[in-house]
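Notes follow the structure.
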Amino acid sequence: MQDHLRKIQNKEIHDHYSGKRIQNELINIMGHAVLQEIILRIKTAKYFAVILDCTPDISHQEQMSMVIRYVAGGVQSNAPAGIYGHVIKFLVVESSTGENLYKK
């Protein structure tokens, strides 16, 4: 790795993947692939639940987390039999009242 970074700094190579734009693009591509795998597993699950929970973060900004839990049977799923849970998304919300969340 050090040799690779040295070559970049000395302009011996021009194509590298350490730029923030490329890293962000790779992270987005991988995140999309993981989300698609989770969706596939949920579609084959017999049972699933969507859990929404609001809590303030360290800066006192209200955030809502979206968690998906499902039971994989191990037969039709790509996952071994068991109960799985995945945090899907964090959303900043103005208020955690039912009325405000309904409007979102």
Side-chain angles (χ1 to χ4, degrees):
M1 183 65 153
Q2 289 176 344
D3 185 49
H4 182 68
L5 291 174
R6 181 192 55 77
K7 288 179 180 180
I8 292 169
Q9 290 170 345
N10 294 338
K11 302 200 186 292
E12 295 173 25
I13 58 174
H14 300 285
D15 296 326
H16 57 86
Y17 301 102
S18 62
K20 67 179 181 180
R21 195 182 106 255
I22 296 295
Q23 289 178 358
N24 288 340
E25 188 174 334
L26 289 172
I27 290 169
N28 286 334
I29 290 169
M30 288 185 282
H32 182 73
V34 169
L35 185 59
Q36 292 305 311
E37 177 63 26
I38 292 169
I39 290 169
L40 178 68
R41 289 180 181 190
I42 292 168
K43 285 182 177 181
T44 61
K46 186 171 183 177
Y47 305 105
F48 73 92
V50 178
I51 303 165
L52 302 172
D53 187 31
C54 291
T55 187
D57 65 10
I58 196 165
S59 66
H60 304 290
Q61 180 74 34
E62 194 73 22
Q63 286 192 354
M64 181 172 63
S65 58
M66 178 184 208
V67 177
I68 303 285
R69 292 194 70 188
Y70 59 94
V71 178
V75 178
Q76 298 174 0
S77 174
N78 294 340
I83 299 171
Y84 295 87
H86 301 283
V87 176
I88 301 297
K89 191 176 229 183
F90 291 103
L91 299 167
V92 175
V93 293
E94 295 173 19
S95 170
S96 59
T97 66
E99 181 180 2
N100 186 61
L101 296 175
Y102 176 76
K103 291 178 184 178
K104 275 266 185 204

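The figures here come from the full heavy-atom set of this structure, side chains too, leaving out hydrogens, waters and symmetry mates.
- Neither Leu40 nor Phe48 shares a network with the other; the hydrophobic side chains, linked directly or stepwise wherever heavy atoms of I, L, V, M, F, W or Y lie under 4.5 Å apart, form separate groups for each.
- How far CD of Glu62 is from OG1 of Thr97: 9.5 Å, rounded to the nearest 0.5 Å.
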For residues 79-92, please give each side-chain donor-acceptor pair under 3.5 Å, one per line with the distance, not counting sequence neighbours.
unit_1 : atom_1 : unit_2 : atom_2 : d
Tyr84  : OH     : Pro80  : O      : 2.7
His86  : NE2    : Tyr70  : OH     : 3.2

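- Distance check, rounded to the nearest 0.5 Å: CG of Leu35 to NE2 of His32 gives 7.5 Å.
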Criterion side-chain contact (heavy atoms from CB on, under 4.5 Å) on Arg6 and Gln2, from CA distance to verdict: CA-CA 6 Å; Arg6 181 192 55 77; Gln2 289 176 344; over 6 Å; no
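- Applying the salt bridge (Lys or Arg N to Asp or Glu O under 4.0 Å) test to pairs two or more places apart or on separate chains, none has a residue in residues 44-55.
- In the hydrophobic clustering of ILVMFWY residues, with side-chain heavy atoms under 4.5 Å counting as a link, Ile42 and Ile51 come out apart.
- Hydrophobic clustering (ILVMFWY, side-chain heavy atoms < 4.5 Å, transitive): Val71 and Ile38 are in distinct clusters.
- Rounded to the nearest 0.5 angstrom, Gln61 CD and Glu94 CD are separated by 8.5 Å.
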Worked check of side-chain contact (heavy atoms from CB on, under 4.5 Å) between Met30 and Leu26: CA-CA 6 Å; Met30 288 185 282; Leu26 289 172; 4.3 Å; yes
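- Atom CG in Asn28 sits 12.0 Å away from atom CD in Gln23 (nearest 0.5 Å).
- Annotation for Cys54 and Val93: closest pair SG-CG2, 4.4 Å, computed over non-hydrogen atoms.
- Asp57 CG to Gln63 CD: the interatomic distance, rounded to the nearest 0.5 Å, is 4.5 Å.
- In this structure, the separation between CD1 on Ile27 and CD on Glu25 is 11.0 Å, given to the nearest 0.5 Å.
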